Every structure is written in structure tokens, then in C-alpha cells.
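Take a look at the structure below.
The chain is numbered in sequence order, starting from 1. Predicted, not measured: the structure shown is a model, and the values here were computed from it.
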Amino acid sequence: MAREGGGLFAGFRVLGLFSSHVPHVLRYHGRHREFYLATAVGRSIHTYNVKKLGIVAVSNALPQDITCLAADHMLIFASYDNILHAFARNKEVVHTYEGHKARIHLLQPFGDHVISVDVDNVLIVWNIQSEEEYLHMDFDNATFAVSALLHPSTYLNKVLLASEQGSLQLWNISSNKLLYSFPGWRSAVTTLEQAPAVDVVAIGLVSGHIIVHNIKFDETLMKFQQDWGPITAISFRTDGHPVMAAGSPIGHIALWDLEEKKLMCQMQDAHSTAIAGMSFVPGEPLLITNGADNAIRVWIFDGPGGMGRVLRSRMGHSAPPTKIRYHGQNGQQILSAGQDGTLQSFSTVHEKFNKSLGRGSINKKKSKKKGLRLDTMALPPITVFASEVAHQSDWDSIVACHQGYITCTTWNYQKTCIGTHKLKPEEFSKHKPIDIYATAVDITSCGNFAVIGLSTGQVDMYNMQSGIHRGCFGKERAHKGAIRGVVVDGLNQLIITAGSEALIKFWKFKTKELVYTTELSSSPSGILLHRDSNILGVAFDDFSISALDIETRKIVRTFSGHHGQINDMTFSPDGRWLITSSMDCTIKTWDLPSGCLIDCFLVDSAAVSLTMSPTGDFLASTHVDDLGIYLWSNRSLYSLVSLRPLPSDYEPSMVTRPSTCPVQDVDVVDEETCAETIEYVSAEQLEKQLVTLSLLPESRWKNLLSLDVIKKKNKPREPPKVPKSAPFFIPTVPGLIPRYVAPAEENETQSKVVNLGVLVQKSDFYIHLEDALSTNEYTAPLNLLKSLGPSNTEIELRGLAPESGGSVGVMLSFLRMIGMMLNKKYNFELAQAYLALFLKLHLKILSSEPNLLEEISRLSVQLEEIWINLQTLFNQSLCVLTYTKSALL
């Protein structure tokens with residue numbers, strides 16, 4: 001997903017979304033011989049295999065959220081508002097049906113047709129392939145408002161309609177005739193379900209009654225009642241046990257024995273919200289349920305008493321997350337605390353690694369006995385938490401603050417449960433204060449200590465292993481106002497606290513003494529420390545952000561630009577970027593070295609919490625009134641992204657949040673992007689007085705003196721032998737005994753020694769050196785020599801000697817080229833390597849030619865001057881480095 005201006009982050013995928021209030025559909029794939037489960041999640045359809053409950057497909061997104069779902073053996077039908085779509089291969093839309101004027105709320109596949117009913121009581125039968133209306137029926141809302149729809153088994157061309165008035169009607173769709181009317185039971189019908197027996201239908205009523213009725217003889221066979229409100233879903237077990245399951249609006253499931261006509265057992269708190277959909281897998285003791293609590297559960301009935309247990313589940317938060325943080329250094333787990341009171345871990349790799357740490361409770365045993373709804377021991381939602389992987393296998397590794405609650409809880413990531421300790425000051429151990437609560441928390445990098453700040457300004461330290469109070473900061477309290485943030489540095493030397501009275505205080509970790517106090521321009525709303533760089537990010541109530549260096553204890557950067565409360569901030573792993581989110585629905589990236597805004601984008605809902613992966617590949621965000629955790633890929637890791645400062649009048653563009661399916665990032669290259677991302681080409685030499693090296697790899701010049709050794713090592717031990725080719729017909733000597741003709745011996749009289757004098761010709765390098773004697777321009781031969789490999793370079797230099805077809809004049813020209821390179825001080829290492837190889841090859845000729853000796857002596861003086869200058873600079877730099885190292889240590 002590319003954005004205008006080369007955005008730094010692109011939408012990738014969303015985690016933690018599995019179900020909605022729309023009932024699921026169960027399908028059987030004949031070729032795969034496997035059952036598949038389809039659920040509506042927002043604007044997309046998720047398809048899971050029942051065997052492992054692993055996601056196998058995510059459909060393309062519709063313009064709006066899906067409100068109704070149905071399926072046959074080939075297609076999945078989904079509707080939003082008044083438009084119906086048909087999906088093929090669980091992916092793309094192949095048919096669209098438009099004709100309703102109101103929202104569609106009922107769907108029923110019907111052979112080659114599909115039936116849809118809207119809230120205005122209009123029923124339309126569509127031809128699936130031609131997308132045309134086959135039948136259009138209007139019902140009167142006052143007398144027959146359609147509330148449920150069913151095609152009874154073996155009833156050809158017939159459909160059973162139920163109403164809010166309680167009556168039922170059996171219609172023949174082919175002839176458009178009303179066949180029979182059922183008077184009903186004086187209560188609105190909520191659901192219809194076909195029983196395993198032909199002619200038998202289960203009818204769920206608003207009153208909580210379930211009627212098992214024979215529609216052929218209009219006879220009620222059984223009648224059951226639930227006390228939990230209207231019936232939301234019904235399903236029949238088909239593996240040999242006569243059991244009917246019924247769902248309720250409060251999340252309970254009742255199992256009814258149809259032989260003994262009585263309640264068999266209850267599955268309470270199967271979901272925390274209403275049971276949206278429920279279906280037994282045909283021929284198996286498996287029940288699949290889903291609800292608006294963002295959970296899918298597969299129950300297996302393999303124990304005594306007919307009670308089911310959870311076999312597999314996929315669940316996210318049932319209320320929006322409030323705080324997310326990456327756990328560990330591999331960037332594969334995200335801890336998330338939600339308004340539903342749970343703490344969960346979501347995997348960025350695969351959903352099977354997700355795990356729920358449960359719900360906070362004062363007394364875990366009492367909470368289990370009372371159940372989910374009657375639990376008075378449940379703790380409020382988590383507002384802030386901190387985690388550390390060190391010692392997480394030995395004791396609790398997560399500490400959390402709860403909304404309006406003074407006690408902080410510890411959690412065990414390995415055991416996926418709430419921990420053993422409840423951390424609160426000793427003076428409040430016997431009574432619970434009214435207006436005092438924990439506001440900030442941090443855990444040391446070693447995982448041994450937790451530091452907790454309270455709304456009274458008190459800051460306490462606890463041992464994570466034993467839960468023992470290890471002291472407090474300040475004489476009575478650390479700050480006069482409420483604690484807005486508390487952090488510990490990476491070496492357990494300093495604890496930094498921020499108070500609402502616009503002060504940041506630095507404390508010694510061991511002695512708990514106050515070291516330094518920094519006054520701020522405004523009251524801080526939160527702080528965040530990047531332990532590797534010792535940079536503290538401070539968000540203020542006036543919507544500005546500052547970066548404070550805890551070594552110098554001074555503010556080094558200040559940023560302004562948000563127009564709403566700053567909700568959260570996070571650092572990039574290298575500490576270069578500070579990413580912030582605000583209630584103005586923007587997510588901004590600030591570059592700390594340059595002090596500029598380098599990226600900004602708008603989302604349709606404000607980001608509540610942000611966290612950056614320790615590996616730097618993803619940014620995760622949660623949003624207002626949204627259950628998902630959204631991943632944004634860091635495009636700077638895999639494409640060319642402009643990191644230039646944004647102008648002051650920059651208007652961010654709206655970015656759509658990603659869906660469950662990973663988005664393929666496509667780079668859109670436009671004129672604006674190309675203008676911004678012009679690649680910088682470095683000059684060949686910055687200054688004439690600077691010694692400059694070439695850009696050639698070391699393999700092109702470092703081994704020039706060792707080429708003979710390399711060739712000797714690579715020389716084969718014996719030449720390859722060519723096998724003699726046998727003739728197709730082997731000749732024989734005529735006679736009684738067949739004998740083969742002996743091969744004739746080849747007379748090699750021609751000499752294999754090649755006369756090199758015939759083949760000698762001038763190379764391009766040789767010609768350029770000859771021309772340079774008169775023009776004194778050595779750029780062309782130097783560029784040609786730089787383009788050659790080590791072996792070709794040696795051949796060219798070897799060919800400069802008179803015995804190889806060269807001349808003394810060309811050798812003199814080569815030495816002048818080396819002198820030119822040393823004068824201009826560029827390609828410095830090449831000049832050394834070429835000169836060393838030249839001396840090695842032609843030492844005898846150089847000693848006998850006075851012109852060459854004179855040029856060599858001039859080069860020697862020149863080289864000595866350059867090296868003395870370089871050595872002086874090296875010694876100065878080493879001296880400064882040694883002093884700096886000794887002074888700091």
C-alpha cells in the first residue's frame with residue numbers, strides 16, 4: 001500500500017479479529033473431504049478449517065461491514081446494507097445482486113437461487129448465475145413481519161417463513177402460492193432449524209421456548225423452555241446421540257435430551273456475549289459456536305454426562321485494547337490489555353501461537369466458583385503494564401496497573417495466568433483507599449524489581465520473585481502531584497519519575513536518594529525511556545513532545561504539531577525515531593538527530609496505543625472502539641523511502657487500516673516521489689588536499705602481488721584426458737578368425753610451439769599510454785586499467801616490457817601515470833598496488849635504463865612525503881582516541 005509522498009509505514013495486516021455478531025456458516029468441501037467454517041469479520045470473510053481451526057482464506061473487503069452471511073456448496077453469500085454479493089473460492093466477488101431498498105437481514109440459498117429478505121419485509125428470489133430477480137414478494141409488517149427463514153429437507157421448491165407475530169407460512173416458490181399457515185405460539189420467532197428427522201423443525205421463540213414441530217401434520221412433538229431470554233441459535237447432534245443445543249443472549253448453552261425430553265446439562269459462560277451462531281459438525285461430536293465477543297470455539301463431547309469441553313478456540317479481545325507492547329526481542333509476540341479485563345498475547349507469525357493470560361482477579365479460586373457474570377472478585381481493566389523476558393521462566397515477568405485500583409498484579413507469561421503476588425503499599429494492606437490508585441509501572445531489565453507510582457505521588461519498589469516491598473522514594477512521597485510516569489535505566493543505576501506538578505526527578509536505584517530535578521514547561525502526560533540510547537521521551541498536556549538526555553539531564557529536542565491529547569509513543573529500535581499517536585487521528589514520526597517531522601498519516605479512528613517491533617520491521621497500533629491490533633510495515637527496510645523533513649504546511653493523507661490478509665506493497669512511482677528521492681552520487685574527490693581511495697573492491701587490487709601463487713595453487717595436477725572415440729563399425733581383418741584392425745599411429749611432425757612474435761599487437765591500454773606521452777593526459781588509460789580484473793591487469797603490465805612487444809617509452813609513460821595519481825591524491829591504494837606489481841615484473845629492465853631510474857627516484861621522494869604526512873595525521877588521531885578512552889574510563 002503506497003501513499004503519496006513516499007510514506008514510511010504501509011498497512012500490512014490486522015491481528016486478533018476472529019468473529020462478530022453475524023452467525024457463522026459451516027460448509028463441506030467434497031474434494032478436500034473436509035469441513036470449513038466461514039465467519040464475517042468487519043468487511044471481510046474469514047474461512048477456517050474445522051480440523052485445526054487454522055485460517056485458510058480471507059476474502060476481498062467489501063465497502064461496508066457485513067451484516068448477513070449464508071453459503072451453499074459452491075458460493076458464500078454476504079450482504080451489507082441493501083446489496084448482496086456472492087464470493088467464489090472464499091476470495092473474490094463473482095456476483096452482485098441489487099434490488100432491495102432496505103437493509104438485508106435474512107439469507108437462504110435455494111438450489112440455483114438465493115432468497116433474501118430485508119427489514120421492510122420484501123422477499124426477493126434471485127437467480128444466482130444471471131443475477132436476475134426470479135420472484136418478488138411483499139409482506140405486511142403489521143400482520144406478517146418475516147423474522148426467520150428455512151428450506152425444509154425434501155420439500156421441493158418450498159420455503160418456511162416465520163414472523164415476529166408468531167405465525168408461520170409454507171410457500172411454494174416455483175408457483176408463488178401459500179400452501180399452509182401455522183397459527184404459532186403467540187410469541188415472535190427468532191430462529192428455525194431443520195431436525196435430523198424429515199418434516200420436523202425446531203422453532204426458537206422470543207419467550208425462551210423451543211418448539212419441536214412436525215410441519216407435515218402440524219403437530220407439536222416437544223416443548224422446552226429456557227430462562228435466559230430469547231433463543232438465538234439451535235443445532236442438532238447427528239452422530240447417534242439425540243441431543244439438541246440451544247443458545248441464549250447471555251452466552252449460556254443448554255443441551256436437551258430429545259429421547260427423555262428433558263434438560264441434559266448446561267454450558268454456562270460459553271461466550272461472554274450472545275451466542276450468534278451454533279452448529280454441530282455432521283456425524284461428529286463437535287459443536288462450533290461464535291459470538292460478538294470475538295471468539296470462535298470448537299467443543300467436543302467426549303466425557304461423561306454429555307458435557308462439552310473446549311477442544312480448539314480462536315479468541316481476541318471482546319472489548320477494545322487499551323495498551324499494547326512487544327514482548328521479548330524477537331518481535332513475534334505482542335502483549336495486549338483490553339477493556340474486557342483480559343491480558344492476551346498475539347503472535348505476528350501464526351494464530352496458533354496466540355494465548356490468553358486470563359482475567360485479573362483478587363481471588364482466583366472464588367472467581368472460578370462464582371462464574372463469569374457473578375464474579376465480584378474481578379479486577380478492573382489494565383491501564384498500564386510492563387514486561388521483561390529475563391527470568392520469565394523462574395518467576396512472574398509482567399506487572400500491571402488496573403483502572404482506579406491501588407493494587408498492582410503480577411502475571412506469569414510462561415504459565416499464561418495471573419501471578420501469585422498483589423503489590424500494594426503496606427499501609428493499605430488492611431483497608432482499601434477510595435481515591436488512591438496506581439498510575440505508572442516499570443520493571444527492571446533484569447526482571448528482579450518492579451517500580452510502581454501512585455496517584456498520591458508515592459513511588460514504591462517491590463521484588464518480583466517474593467513480592468516484598470523494597471522501599472519507597474522520597475521522605476514521604478516522591479512528588480507532590482500524581483505520578484505520570486516511572487522508568488528504570490538499563491543498568492539499574494537511575495529511576496526517573498514524572499509528576500503532574502511539571503517536575504522530572506532522577507533517583508539513585510540502590511540508595512533511593514534524589515540526584516537531580518528537572519523543571520518542565522508543562523505538566524507531563526507520560527514518559528518513555530529508550531534504554532539503549534538513554535533518551536527519555538516526554539509527552540505533555542499541551543500536546544507537545546520533548547526528548548531528554550538522561551546523561552546530561554537536559555532537553556535536547558522539542559516537537560510540536562499535534563492538535564489533540566497524545567495517547568502513546570514508541571521509539572524505533574535504534575532510537576533514531578520517536579513515533580507518536582494523538583486524538584487528532586494522526587500518527588507522526590519524528591527524527592531525533594535532525595529534530596524534524598519525517599512522516600505523518602491520518603487514520604479514520606484515533607490510535608490509542610503504539611509499539612514498535614524490536615527488530616524494526618513493524619509498527620503495531622490499536623484504535624478507538626476497535627478490537628484489532630493493526631500492523632504497519634516499515635517500508636524503509638525494503639524500498640527507497642524519502643526521509644526528508646515534511647514542510648510546515650504538510651497535510652497528511654488518510655490511510656485505510658489493513659485487513660487480516662497481508663497487503664502486498666506496491667511502489668507507486670510518481671514525479672513528486674522521484675523528485676524527492678534523487679540518489680546522491682558522491683564526488684570522485686572531495687578536496688584536492690585530501691588523500692582519496694578508489695571505490696573498487698579489495699579483490700581487484702589487494703592480491704595483485706600474489707597472482708603467481710594463486711595460479712600455482714589453482715593449476716591442475718594433470719591435464720584432462722580426452723577419451724578416444726570408437727567408430728560405429730569396428731574394422732576387422734579378413735580371415736577365418738575375426739580380428740580387429742590395429743589403430744594407426746599418428747605421426748606428430750608439426751611443432752606445437754607458437755611464435756609469439758606473429759601474434760603481438762598493441763592493446764587499447766598500450767595505445768592510450770603512447771598517446772599520453774605527447775598529450776600528458778592519463779585519465780583514459782587509468783579508467784581502462786580500473787575496469788580490468790587482476791589477471792588482465794597483470795597481462796597489460798607484463799606487455800609493457802620490450803621483450804613482450806612493448807617499449808621503454810611506454811614504461812616511462814606508465815610511471816608518469818602513477819606520478820599523476822600521487823600528485824592528485826586520488827585512487828591512492830590503486831597507485832600503490834599498480835606500482836608494486838610493475839616493480840615486481842620489470843625490476844631488471846628498470847635498473848638498466850637511466851630514464852626509468854630517474855622517474856623511479858622522483859616517485860620515491862613523492863611517496864615518502866605523502867606517507868610522512870599521513871603518518872603524522874594517524875598519530876594525532878590515535879593520541880586523541882587514547883586520551884578520550886583513558887579519560888572516560
Side-chain angles (χ1 to χ4, degrees), residues 317 319-327 334-345 357-362 377-388 396-413 417-429 432-444 447 449-464 467 469-470 472-473 477-479 481-488 495-500 524-529 539 566-570 608-611 622:
H317 285 292
T322 55
K323 183 69 71 174
I324 56 171
R325 288 292 180 263
Y326 269 94
H327 182 68
I334 298 177
L335 282 174
S336 172
Q339 293 178 11
D340 54 0
T342 61
L343 182 64
Q344 300 194 33
S345 173
L357 280 72
R359 191 182 304 270
S361 175
I362 301 172
M377 298 287 177
L379 288 171
I382 294 172
T383 54
V384 184
F385 67 87
S387 69
E388 193 60 54
D396 301 342
S397 59
I398 304 167
V399 59
C401 295
H402 296 264
Q403 183 177 352
Y405 205 73
I406 191 169
T407 303
C408 290
T409 54
T410 61
W411 300 73
N412 195 304
Y413 186 81
C417 65
I418 192 169
T420 54
H421 305 304
K422 304 291 186 293
L423 308 178
K424 65 178 178 180
E426 295 177 356
E427 58 265 29
F428 302 117
S429 59
K432 178 185 174 183
I434 298 175
D435 296 328
I436 302 174
Y437 52 91
T439 56
V441 69
D442 197 18
I443 189 170
T444 57
F449 298 98
V451 183
I452 299 170
L454 304 180
S455 58
T456 58
Q458 185 175 341
V459 178
D460 298 280
M461 186 163 66
Y462 299 86
N463 186 284
M464 286 293 291
H469 185 263
R470 292 299 187 191
C472 56
F473 294 83
R477 51 183 181 169
H479 288 264
I483 301 297
R484 296 291 178 85
V486 55
V487 292
V488 187
I495 287 183
I496 305 158
T497 59
S500 59
S525 61
I527 60 174
L528 179 70
L529 177 66
I566 296 169
N567 293 328
D568 202 3
M569 52 188 173
T570 182
V608 177
S609 185
L610 289 176
T611 180
T622 61

query: Stepwise, does the side-chain contact (heavy atoms from CB on, under 4.5 Å) test hold for Thr342 with His317?
result: CA-CA 7 Å; Thr342 61; His317 285 292; 3.3 Å; yes
message: List the residues meeting ring pair (Phe, Tyr, Trp, His ring centres under 6.0 Å) with Tyr462, not counting sequence neighbours, and say none if there are none.
response: His469
message: Whether the side chain of Asp460 engages the backbone of Pro425 through a donor-acceptor N/O pair (distance < 3.5 Å, no angle test) should be reported.
response: no
message: Has Ser609 got a side-chain atom pairing as donor or acceptor with Ile324's backbone, closer than 3.5 angstrom?
response: yes
Glu426, CD atom: more than 12 neighbouring heavy atoms under 6.0 Å: no
Side-chain donor/acceptor of Ser336 to backbone N/O of Gln344, under 3.5 Å: no
Side-chain atoms of residues 404-411: list all donor-acceptor pairs with protein atoms under 3.5 Å, sequence neighbours left out, distances to 0.1 Å.
residue, atom, partner, partner atom, Å
Thr409, OG1, His402, NE2, 2.8
Thr409, OG1, Trp411, NE1, 2.9
Thr410, OG1, Asp396, OD2, 2.8
Thr410, OG1, His421, N, 3.4
Thr410, OG1, His421, O, 3.3

query: Between the side chains of Tyr413 and Ser387, is a donor N or O closer than 3.5 angstrom to an acceptor N or O?
result: no
field: Check: Thr322 side chain, Ile382 main-chain N or O, donor-acceptor pair, under 3.5 Å
entry: yes
- request: Give a yes or no on whether the backbone of Ile483 and the side-chain of Thr439 come within a donor-acceptor separation of less than 3.5 Å.
  value: yes
message: Between Arg484 (side chain only) and Pro524 (backbone N and O only), is there a donor and an acceptor less than 3.5 Å apart?
response: yes
message: Distance alone, cut at 3.5 Å: any donor-acceptor contact between the side chains of Thr497 and His479?
response: yes
message: Can you confirm whether more than 12 heavy atoms, excluding those of Tyr437, are under 6.0 Å from its OH atom?
response: no
- request: Return yes if some donor-acceptor pair links the side-chain N/O of Arg359 with the main-chain N/O of Asp340 below 3.5 Å, else return no.
  value: yes
- prompt: What residues form a salt bridge (charged side-chain N to carboxylate O under 4.0 Å, His left out) with Arg325, not counting sequence neighbours?
  reply: Asp568
CG-CD1 distance between Leu335 and Ile398, expressed to the nearest 0.5 angstrom: 4.5 Å
